[in-house]
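Heads up, the thing below is written out as structure tokens.
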Amino acid sequence: MEGQRCLCIVVFLVHTAIGAGEGSTQTPSTERPELNDSNELTVSFPPLEDIYTSTLEKHFATENNTLVTSQIGSTALLPCVIRNIGDGIVSWIRRKDYHLLTVGLTTYSSDQRFQAIHLQHSEDWTLKVRFVQKRDAGIYECQVSSHPPTSIFLHLDVVEARAQISGPTEKYLKPGSTLRLQCSVVQTTEAPAFVFWYHNSRMINYDVERGINVTTDTEQRLSDLLIPAASVSHAGNYTCVPNNAVPASIYVHIFNGENPAAMQSSSPSYIHLNILHSLYTTIAFNMLR
Ligand SMILES: *[C@@H]1O[C@H](CO)[C@@H](O)[C@H](O)[C@H]1NC(C)=O
Ligand SMILES: *[C@@H]1O[C@H](CO)[C@@H](O)[C@H](O)[C@H]1NC(C)=O
Ligand SMILES: *[C@@H]1O[C@H](CO)[C@@H](O)[C@H](O)[C@H]1NC(C)=O
Ligand SMILES: *[C@@H]1O[C@H](CO)[C@@H](O)[C@H](O)[C@H]1NC(C)=O
């Protein structure tokens, strides 16, 4: 009897399977005792996180001796990513004077420009240095408490962004000619927010009615000043002032008459002959008077 019952069930199952294969028979779940809930997996595993913390070692994901370059005045971010930190605490130490900057999220330095940045559940303990100065350059240690403590070192290089006006530092033009000055911001790690041009002490970015056209592409770190028809009133000292870089100046002479040979300033060697040139210029100007 028991054998026959079993056979019956098998036949039923085969029938159901074929029926399902034909896609015509709807089999209510109550007719499938083999899919009883008690068959569900009842063995539970510890969360993945626990396996990792117990089997993987604490280690730095930031490369040791990483170099970070920041320009003066900007915000420097020194990364320190630690996997499986457990209950370890991260401290930042400035190596040149062994000054303890931060422990966990607390800044220990009286210099509040230093701050540890850490989002909850993240593995990153970045050191943020605001308004970077030249003296901040050097080695910083990201140390994790353990026995013994382990550290990586980050090198902060501080560069001085500066404006640069192409060509010689003095320009000689005849009235009516085009004055074009191109200023680029070099040695930068971040784009300027704005670039101001000064004619002597006047800011001239918006002096369109005085025939001045300034176009700035901050992303390209470039600013052009264009005066299509320069007049004597346009002579003087022009200064390119990016908000976050050292300014650059150029002196523009506009005068009637012949260009004395000494005044042809397009040769690059002119720059090296600056003193001699100034002398020539003085003589030439006195002669022109
Ligand atoms: C599953 O089978 C067990 C016996 O193995 C039974 O006690 C239980 O009632 C069944 N559950 C369902 C939902 O059929
Ligand atoms: C990082 O490099 C320094 C030497 O520059 C070494 O003393 C230190 O042990 C290194 N840290 C790690 C985690 O390898
Ligand atoms: C200013 O110069 C740019 C090119 O450098 C030009 O596209 C623009 O039309 C000029 N604007 C005026 C007001 O002349
Ligand atoms: C031009 O102006 C700048 C900024 O005011 C100044 O530093 C520089 O000495 C001036 N140059 C000349 C030649 O007057």
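Start at 1 with the first residue, then count along the sequence. Whatever order the structure lists ligands and atoms in, that order sets their numbers, starting from 1.
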Near ligand 2, which protein residues have a heavy atom under 4.0 Å away? Phe60, Asn64, Asn65, Ser151, Ile152, Phe153
Identify the two heavy atoms, one from Ile254 and one from Ala230, that lie closest to each other, and give their separation to 0.1 Å. CD1-CB, 3.7 Å
Relative to the ring of Phe114, is the ring of Tyr140 parallel (under 30°), tilted (30 to 60°) or perpendicular (over 60°)? tilted
Would you say Asn237 and ligand 4 have an N/O pair spaced under 3.5 Å apart? yes
Which of these, Arg162, Arg221, Glu160, Gln71, sits in a side chain to side chain donor-acceptor pair (under 3.5 Å) with Thr188? Arg221
Below 4.5 Å, heavy atoms only, C-beta onward: do Leu181 and Trp197 meet side chain to side chain? yes
Just by distance, no angles: are the side chains of Ser109 and Asp111 close enough, under 3.5 Å, to form a donor-acceptor pair? no
Indicate, with yes or no, if Ile82 and Val68 share a hydrophobic cluster defined by side-chain heavy-atom contacts under 4.5 Å among Ile, Leu, Val, Met, Phe, Trp and Tyr. yes
